[in-house]
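Protein chains get the first letters and strands the later ones, always in sequence-line order, with residue 1 at the start of each.
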2 protein chains.
Amino acid sequence: MNKNKENNTIIKSKREKDTKERIFKAAIDLFSEKGFDAASMREIAEMVGIKKASLYSHYNSKDQILEKILKYPIKRMGTVGQQDVNTEELIVSLGLEKFMDLAGDLILSWMEDPYMEKIWRIICIELYHNPQIKKFYSEFISLSCSYWESAFDLMIKHKLIKPIDPRLLASEYLSFYGNSYMEYFILHYDGSSASYLDEYKNRIEKHSKFIINSIKQNEEIKLGD
Amino acid sequence: MNKNKENNTIIKSKREKDTKERIFKAAIDLFSEKGFDAASMREIAEMVGIKKASLYSHYNSKDQILEKILKYPIKRMGTVGQQDVNTEELIVSLGLEKFMDLAGDLILSWMEDPYMEKIWRIICIELYHNPQIKKFYSEFISLSCSYWESAFDLMIKHKLIKPIDPRLLASEYLSFYGNSYMEYFILHYDGSSASYLDEYKNRIEKHSKFIINSIKQNEEIKLGD
DNA sequence: CCTACCGATCGGTAGG
DNA sequence: CCTACCGATCGGTAGG
């Protein structure tokens, strides 16, 4: 008797967890497809196969679902970006070209998670309309700029690149990424992935080479040093 | 009798035209402040000082108001960009630096119209949510890229810059603009103008110098030619 | 997890 | 240019 009750509780809570996750996934799909406002709670419920009112046993509000979605990239950033390696050591040991290649690969690997792609699209299309998303994006941009500013600063210190304002370099390097992703997610994204993405990968690779060529220390000057 | 009737007709149609323009301005203000969807016809009417139903004697729908707003930048583009000057002559006669300065000034002067700033904000914040705006933006980007691609191509032809893929150069040059404006309008715009705008002007000037330095033909190579 | 309901708000129209 | 109204849709709740 007791065993049976326990079993039921376990099964029930497992099903509940499962439903909560299905709601999460359905919300990502719908928000990324139609935008946060245009996707209704009714549609989310329909996709999960339950009635709208039942959503509220798992989440208190539509905003709370979005809140949980925005926590996902932060978790992912943690696992990808927060290695214990020292940036200065990495730059010195790899050199300019290889360090930049590694950084580019990291950003790409971060994007290849299918959730991340959809979540970025949600962020891009709701950047203005949602204060929650605006705050998240501002902080993300600010963190990225700081990281790259200090990276370029270290490169100058080790005479790997010309002494150009590292803040300017960071924004030259990152604005191309920003603009490319925005364009991709807003103008060309069709949910099928891979289609346009390869073209963007190609463009970003060329951009990286252009920047490297523009800032690397000239050979002659190096010799004369 | 006849004279009086005529006069009344003129006065009436003048007032009608005036109201139509006040609706136009109110819509620009409200759409740029809150976004197209969030600004309601009731609010527009309230700002103009009439009732909502009266709006429909001037415009058939909310979408038609937006349509008219989007025609404004095209008219402005016509007056600013479509001079009869030949780009090739301009590049040869001015040289690299002065041509780039002129182009930057043109873009800025285009932005300094107070309507344009608000309309750009509408475009940025509604880029995804509104198919009309998406189409307008796509075409604008495509036109800008083509123009700059051919401009860089001409510079290469006249050996003013290094022979780098002109398509890449166009997107290096323009993506910084795109990203800066997007960031300005979405994260820092507060309607008061001038506040952050100066900072962005400064950043864009530095960007232009960075690009010029990266692509200009080295003196030595020029001599050896 | 459901049915049945709520108030709020929207763009737009009829008729004067 | 107005009053008065329309159907549609939204997020969320009560109560079981």
Side-chain angles (χ1 to χ4, degrees), chain A residues 8-31 33-70 122 125-126 129-133, chain B residues 8-31 33-70 122 125-126 129-133:
Chain A
N8 278 340
T9 316
I10 290 170
I11 290 170
K12 196 189 164 196
S13 80
K14 209 177 165 186
R15 192 174 50 201
E16 265 174 20
K17 207 181 158 190
D18 187 55
T19 304
K20 188 163 186 175
E21 200 163 319
R22 274 160 57 220
I23 295 171
F24 181 76
K25 287 183 190 176
I28 290 183
D29 281 342
L30 284 167
F31 291 168
E33 192 191 325
K34 330 178 75 175
F36 179 76
D37 288 326
S40 70
M41 293 296 266
R42 278 161 183 87
E43 284 172 300
I44 295 173
E46 203 180 333
M47 187 176 263
V48 174
I50 57 178
K51 293 293 169 185
K52 186 194 62 159
S54 311
L55 295 176
Y56 291 88
S57 356
H58 300 281
Y59 294 94
N60 295 330
S61 67
K62 201 183 180 185
D63 277 302
Q64 208 192 52
I65 302 180
L66 179 62
E67 215 171 287
K68 211 192 157 192
I69 292 176
L70 291 182
I122 299 174
I125 67 187
E126 294 296 333
H129 298 81
N130 193 291
Q132 219 183 122
I133 286 179
Chain B
N8 277 340
T9 316
I10 290 170
I11 289 170
K12 196 189 162 198
S13 80
K14 211 177 165 186
R15 193 174 52 202
E16 263 175 21
K17 208 183 158 189
D18 187 57
T19 304
K20 188 163 185 174
E21 200 163 319
R22 274 158 58 218
I23 295 171
F24 182 75
K25 288 183 189 174
I28 290 183
D29 281 344
L30 284 167
F31 291 168
E33 191 191 325
K34 328 178 74 174
F36 179 77
D37 288 326
S40 70
M41 293 296 266
R42 278 162 183 86
E43 284 172 300
I44 295 173
E46 202 180 333
M47 187 174 263
V48 174
I50 56 177
K51 293 293 170 184
K52 187 193 59 159
S54 311
L55 294 176
Y56 291 88
S57 355
H58 299 280
Y59 294 94
N60 294 330
S61 66
K62 199 183 180 185
D63 277 302
Q64 209 193 50
I65 302 180
L66 179 63
E67 217 171 285
K68 210 192 158 191
I69 292 176
L70 291 182
I122 298 174
I125 68 188
E126 293 296 335
H129 297 83
N130 193 291
Q132 218 183 123
I133 287 180

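The residue A:Ser57 sits close to a base: some heavy atom pair falls under 4.0 Å. Within 4.0 Å of B:Ala39, counting heavy atoms only, lie sugar-phosphate atoms of the nucleic acid but no base atom.
In this structure, B:Lys51 atom NZ and D:dA4 atom C1' are separated by 12 Å, rounded to whole Å. Atom NZ of A:Lys52 and atom P of D:dC10 are 9 Å apart (whole Å). Atom CG of B:Asp37 is separated from atom P of D:dG11 by 13 Å (rounded to the nearest Å).
No more than 12 heavy atoms of other residues, nucleotides or ligands sit less than 6.0 Å from atom CD of B:Glu46.
Of the side-chain N and O atoms in A:Thr19, one or more sit less than 4.0 angstrom from OP1 or OP2 of C:dC1.
Contacts of residues 42-50 of chain A with DNA chain C (heavy atom under 4.0 Å): A:Ile50. For DNA chain D, the neighbouring residues in residues 58-67 of chain A, judged by any heavy atom under 4.0 Å, are A:Ser61, A:Lys62.
Checked by atom type and distance alone, the side chain of A:Gln64 never pairs as donor or acceptor with a backbone atom of A:Ser61 at under 3.5 Å. Although no hydrogens or angles enter the test, the distance criterion places a donor-acceptor pair under 3.5 Å between the side chain of B:Lys62 and the main chain of B:Phe36.
Electrostatic pairing of B:Asp18 and B:Arg22 counts as a salt bridge here, judged by a charged N lying under 4.0 Å from a carboxylate O.
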